[in-house]
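Report on the following structure.
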Amino acid sequence: MKTDTASRSCGMPIPTPDGEFIAYYSGQGLCRLEFPSGTKQRKRKAGLARPSAPIRAWHAAASKALRLALAGQPSKKLPPLDLSGGTDFQRRVWRTLRKIAWGRTWSYAQVAKAIENPKAVRAVGSACGANPIPVLVPCHRVLAANHKLGGFSGGLAWKRRLLVREGNPGGRAS
DNA sequence: TAAGTGCGTCGTT
DNA sequence: AACGACGCACTTA
């Protein structure tokens, strides 16, 4: 079942050494994070209302956390994450992903076991692919059982890069 | 070893 | 009914 979440604000850019990410916020917190897309994103149009104070605070926190993560450091403080926009199954998966410690990796099967649905391995993969907040919700820490990389919605290069920066050479499980 | 095939399984569309 | 960010057994080279 899917619970529809509140309205989403327009995207707010997060400049990083790896490019400009785009963050989206709902009334509950950060609800989406997009990797830099080669093509120019449309930025906030001039004349649009300045984001509300809580959103500005969340955006500051998200920006800081993201830059830390990209620098290979665990981020201490995260903004509230609005993961309400997903099915029950997906939310269970995403909640589990957040338990994977920095610098460690799980297999898709391990995640399936953790949500007490051990046979839903492949579905777990789909749910990871649907993760709306990559990097901060560390779906990149999930590898295939054969210790190979598996897939990544943002492109395998990103997955490798994130793993390596967390200290996983080449993307090997721990 | 490495790479490819087939099939079970399950959530989503 | 078809499709996957899987896992496993098994076959080939």
Side-chain angles (χ1 to χ4, degrees), chain A residues 1-8 11 14 16 18-24 26 28-39 41 62 65-75 78-79 81-174:
Chain A
M1 241 217 26
K2 194 178 281 199
T3 76
D4 233 351
T5 192
S7 58
R8 293 175 183 173
I14 302 182
T16 80
D18 293 289
E20 185 178 270
F21 288 66
I22 310 287
Y24 297 82
S26 72
Q28 319 303 312
L30 175 64
C31 62
R32 197 152 65 97
L33 184 61
E34 287 176 0
F35 284 101
S37 70
T39 74
Q41 296 275 346
L66 177 61
R67 294 198 191 94
L68 273 173
L70 293 178
Q73 296 182 241
S75 34
L78 291 181
L81 306 184
D82 177 6
L83 294 174
S84 62
T87 64
D88 290 334
F89 179 84
Q90 289 168 333
R91 288 197 301 268
R92 286 202 301 277
V93 171
W94 299 339
R95 178 160 39 94
T96 302
L97 297 184
R98 300 190 62 189
K99 296 183 185 166
I100 307 180
W102 184 93
R104 314 222 19 184
T105 62
W106 290 16
S107 69
Y108 293 95
Q110 240 173 311
V111 175
K113 194 172 302 181
I115 63 174
E116 294 178 320
N117 198 338
K119 290 190 265 193
V121 180
R122 200 157 184 178
V124 163
S126 297
C128 288
N131 170 23
I133 312 181
V135 186
L136 267 28
V137 174
C139 58
H140 59 277
R141 296 186 190 141
V142 186
L143 307 185
N146 49 13
H147 294 281
K148 293 182 88 66
L149 211 47
F152 197 66
S153 54
L156 288 179
W158 268 113
K159 189 169 186 173
R160 266 189 295 269
R161 189 184 310 177
L162 292 168
L163 287 169
V164 167
R165 290 182 187 176
E166 289 187 4
N168 285 296
R172 281 304 196 258
S174 56

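Hydrogens, waters and symmetry mates are skipped; everything else that's a heavy atom, side chains included, is used. Chain A is the first sequence line, chain B the second, and so forth, proteins listed ahead of strands; every chain is numbered from 1. Note that the coordinates shown come from a computational prediction; the quantities given were computed from them, not determined experimentally.
Between R32(A) and N131(A) there is no side-chain heavy-atom pair separated by less than 4.5 Å.
A straight line from NZ of K148(A) to P of dG4(B) spans 11 Å, rounded to a whole angstrom. We find that CD of E116(A) is positioned 18 Å from C1' of dT9(B), with the value rounded to whole Å. Between the CH2 atom of W94(A) and the C1' atom of dG11(B) there is a distance of 13 Å, rounded to whole Å. Protein atom CD1 of I115(A) is 10 Å distant from nucleotide atom C1' of dC10(B), rounded to whole Å. Atom-to-atom, CD of Q90(A) to C1' of dA5(C) comes out at 13 Å; the value is rounded to the nearest Å.
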Report task. Tell me, with the steps shown, if E166(A) and R104(A) meet salt bridge (charged side-chain N to carboxylate O under 4.0 Å, His left out). Result -> CA-CA 8 Å; E166(A) 289 187 4; R104(A) 314 222 19 184; over 6 Å; no
Query raised in the report: Is there a ring-ring contact (aromatic ring centres under 6.0 Å, His included) between F152(A) and W158(A) once you walk through the steps?
Result: CA-CA 8 Å; F152(A) 197 66; W158(A) 268 113; 8.2 Å; no
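Closest non-hydrogen pair, W102(A) versus R165(A), comes out as CZ2-O, 4.3 Å. The nearest pair of heavy atoms linking Y108(A) to G150(A) is OH-CA, 4.3 Å. When all heavy atoms of W94(A) and A130(A) are compared, the closest pair comes out as CZ2-O, 3.3 Å.
Stem list for DNA chain C (at least 3 consecutive Watson-Crick or G-U pairs, distances under 3.5 Å): B:1-8 with C:6-13, B:10-13 with C:1-4.
When distances are taken from the side chain of K119(A) to each of dA5(C), dC10(B), dG11(B), the shortest belongs to dC10(B).
The existence of a salt bridge linking R67(A) and D18(A) is excluded, since no basic side-chain nitrogen approaches an acidic carboxylate oxygen closer than 4.0 Å.
If you run side chain to side chain contact (heavy atoms under 4.5 Å, CB included) between I14(A) and each of L33(A), I22(A), L70(A), only L33(A) comes through. The one candidate from L136(A), L30(A), V137(A) that meets the side chain to side chain contact (heavy atoms under 4.5 Å, CB included) condition with L78(A) is L136(A).
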Query raised in the report: What string of B, S and - do you get for nucleotides 6-13 of chain C, 5' to 3', if B is base contact, S is sugar-phosphate-only contact and - is no contact with any protein heavy atom under 4.0 Å?
Result: BSS-----
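No donor-acceptor contact under 3.5 Å links the side chain of S126(A) to the base of dA5(C).
The side chain of N117(A) contributes an N or O atom lying less than 4.0 Å from OP1 or OP2 of dG11(B).
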